**Q** 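Quick one: structure below, then a few questions.
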Amino acid sequence: MSIPSFLSTTARSLSHSFSHSLLSPAPGRLLPPKSASRRNMSSRRQMDHLQRTASNSRQNALYPARVCGIIDESETVKRLRIAVHPDFTFKAGQWVDFFIPGVEKVGGFSLCSSPRLLQQEGVIELAIKYAKHPPAHWVHTTCTVGSSVAMRVGGDFFFDPSPSDPSVDLLLVAGGVGINPLYSVLLHTADLLHLNRASGSRDYSIGSAHLCYSAKNTQELLFQSSIIEACREFPDKFSCDFHVTQQSADVDPHLQPFINRGRITDEELRTRVDPQRTLCYLCGPPPMIEAISKALMDFGLPKDKILFEKWW
């Protein structure tokens, strides 16, 4: 894969400290967990992606990449299929620093594909909602198949079990485009189940996974068909509840068994919490994450079993 001409300039710019970055705020980027200072939304809101994630783990390498497919995932979300360098790796749930030629600001987008897709086809996927922020705006107005970009993986929010790890039950809670990293986690879990099935053994000890996913309407429920397909393929392992908060129209019959009107409730979450087995991943707007985190702790789930990222 040829290296884009802008990559050397981009790489040089990365040698400067984040505090001297000329990049400006990136609404929609995820804010990682595990730091009390990161919970102060008012002080973080004006920071750009690189500043907000400066304390996060990230790879050193910046890799060239090429857009090889563009899909309208919804009226407001485009899914990019991106061919990447052979050395590119990531864990389910992580994000990328997203560099675009001619665009000064750096995007921060969660991967929505599985590591196995990368292994098999050499591609990753990003689902990006329309916004005026330059990287997202470029995706929706300028990006074409063949466009060159560069990416670097980062983030401490991921699911990457080893065969020797004990079984856990996953509770995945998403709001809006916060589904992206959780969809990657769900796909990765399904891939591990497929590996177990193919080998005829239990190479990985996989518990259950339940997804609670809230969006304005059914059109904004990203990846809905493949989520339902996974639940039907592994009915003893996967389940989901979709929530729509601003829909008055009738729901399509094929979605009706999975649809709830209104927000995710404490009662729904309570039935999914086993303090001994549950590991919860949350991603969505900060107020939603803070309210659900508190509810889960009230139900007895230890704080270290509640992992979250806040998007802006």
Side-chain angles (χ1 to χ4, degrees), residues 4 6-7 10-35 37-39 44-45 47-65 80 82-100 103-115 117-119 123-129 131 133-136 138-139 149-161 174 177-185 187-188 281-284 286 289 307-312:
F6 76 97
L7 184 54
T10 300
R12 286 197 301 270
S13 71
L14 291 175
S15 65
H16 299 288
S17 67
F18 290 133
S19 61
H20 295 291
S21 174
L22 298 177
L23 308 172
S24 61
R29 186 51 250 144
L30 302 176
L31 179 64
K34 302 180 183 177
S35 172
S37 65
R38 293 179 212 160
R39 296 175 184 268
R44 284 281 177 174
R45 191 164 286 154
M47 289 187 180
D48 64 46
H49 165 63
L50 294 184
Q51 289 174 313
R52 280 200 304 270
T53 60
S55 62
N56 277 118
S57 303
R58 53 178 16 99
Q59 296 176 0
N60 292 324
L62 177 67
Y63 292 108
L80 300 187
I82 302 174
V84 297
H85 190 277
D87 294 335
F88 184 97
T89 62
F90 76 98
K91 298 174 182 178
Q94 289 188 301
W95 40 257
V96 293
D97 299 330
F98 194 75
F99 296 85
I100 304 164
V103 177
E104 182 181 0
K105 296 176 176 62
V106 175
F109 304 118
S110 290
L111 293 109
C112 64
S113 53
S114 69
L117 178 67
L118 172 62
Q119 295 169 3
V123 301
I124 60 96
E125 294 184 338
L126 306 173
I128 300 170
K129 188 167 185 176
H133 180 249
W138 177 85
V139 167
V149 296
M151 297 183 299
R152 180 178 55 191
V153 172
D156 303 304
F157 178 89
F158 55 80
F159 180 61
D160 185 38
V177 291
I179 186 62
N180 285 336
L182 304 187
Y183 183 59
S184 178
V185 169
L187 290 176
H188 184 49
Y281 288 82
L282 313 177
C283 188
I289 297 310
L307 309 177
F308 62 82
E309 289 201 309
K310 299 174 181 176
W311 54 265
W312 302 84

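No hydrogens, no waters, no symmetry mates; every other heavy atom, side chains included, goes into these values. Residue numbers start at 1 and run along the sequence shown. Computed from a predicted model, the values in this text were never measured in an experiment.
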**Q** Measure across Ser110 and Asn180 and return the closest heavy-atom pair with its distance rounded to 0.1 Å.
**A**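 In terms of heavy atoms, the two residues are closest at CB-CB, 4.0 Å.
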
**Q** Measuring from Ser184:OG to Phe157:CZ, what's the distance to the nearest 0.5 Å?
**A**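 Answer for the OG-CZ pair, Ser184 versus Phe157, is 10.0 Å.
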
**Q** Strictly distance-based, threshold 3.5 Å: is any side-chain N or O of Glu104 a donor or acceptor partner for the main-chain N or O of Pro134?
**A**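 It does not hold such a pair.
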
**Q** Could you tell me if the ring centre of Tyr281 sits under 6.0 Å from that of Phe308?
**A**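 Here the rings of Phe308 and Tyr281 have centres that are no less than 6.0 Å from each other.
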
**Q** Does a side-chain heavy-atom distance below 4.5 Å link Leu111 with Trp95?
**A**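 No, every pair of side-chain atoms sits at 4.5 Å or beyond.
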
**Q** Applying side-chain contact (heavy atoms from CB on, under 4.5 Å), name anything that partners Lys91, two or more places apart in sequence or on another chain.
**A**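 Lys91: side-chain contact (heavy atoms from CB on, under 4.5 Å) contacts with Gln94, Phe158, Asp160.
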
**Q** With sequence neighbours excluded, tell me which residues meet side-chain contact (heavy atoms from CB on, under 4.5 Å) with Pro161.
**A**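 Scan of Pro161 (side-chain contact (heavy atoms from CB on, under 4.5 Å), adjacent residues dropped) gives Phe159, Asp165, His188, Leu192.
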
**Q** If you define the side chain from C-beta out and look only at heavy atoms, does anything of Leu80 sit under 4.5 Å from Val139?
**A**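 Sidechains of Val139 and Leu80: in contact.
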
**Q** Do the side chain of Arg58 and the main chain of Thr53 share a donor and acceptor less than 3.5 angstrom apart?
**A**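 Present.
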
**Q** Does Phe98 reach the side chain of Val103, with side-chain heavy atoms less than 4.5 Å apart?
**A**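 Heavy-atom side-chain distance check fails, nothing below 4.5 Å.
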
**Q** Starting at CG of Leu126, measure out to CZ of Phe109 and round the result to the nearest 0.5 Å.
**A**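 Here the rounded value is 7.5 Å.
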
**Q** Drop me the distance from Tyr63's OH to Met151's CE, to the nearest 0.5 angstrom.
**A**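 Nearest 0.5 Å value for the OH-CE distance: 11.0 Å.
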
**Q** Quick one: closest heavy-atom pair of Val153 and Thr89, and the distance?
**A**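 For Val153 versus Thr89, the nearest heavy atoms are CG2-O, 3.4 Å.
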
**Q** Could you work out, with side-chain contact (heavy atoms from CB on, under 4.5 Å) as the rule, every residue matching Ser113, not counting sequence neighbours?
**A**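 So Ser113 forms a side-chain contact (heavy atoms from CB on, under 4.5 Å) with Phe90, Leu117, Ile124, Glu125.
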
**Q** Ignoring hydrogens, what is the shortest heavy-atom contact between His49 and Val106? Give both atom names and the distance.
**A**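 Nearest heavy atoms, His49 then Val106: CB-O, 4.1 Å.
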
**Q** Hey, are the side chains of Phe88 and Leu118 touching, using non-hydrogen atoms and a 4.5 Å cut-off?
**A**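 A side-chain contact exists here, since the closest heavy-atom pair is under 4.5 Å.
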
**Q** If you round to the nearest 0.5 Å, how far is CD1 of Ile289 from SG of Cys283?
**A**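 Atom-to-atom, Cys283:SG and Ile289:CD1 are 6.5 Å apart.
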
**Q** Calculate, to the nearest 0.5 Å, the distance between atoms CG and CG belonging to Asp97 and Asn56 respectively.
**A**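 Asp97 CG to Asn56 CG: 9.5 Å, rounded to 0.5 Å.
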
**Q** What distance separates Ile128 CD1 from His133 NE2, expressed to the nearest 0.5 Å?
**A**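 One gets 11.0 Å once the value is rounded to the nearest 0.5 Å.
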
**Q** If every non-hydrogen atom of Ala174 is compared with every non-hydrogen atom of Leu182, which pair is closest and at what distance?
**A**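 Closest heavy-atom pair between Ala174 and Leu182: CB-CD1, 3.6 Å.
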
**Q** Which heavy atom in Pro181 sits nearest to a heavy atom in Gly178, and how many Å separate them?
**A**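 Heavy-atom minimum between the residues: CD-O, 3.4 Å.
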
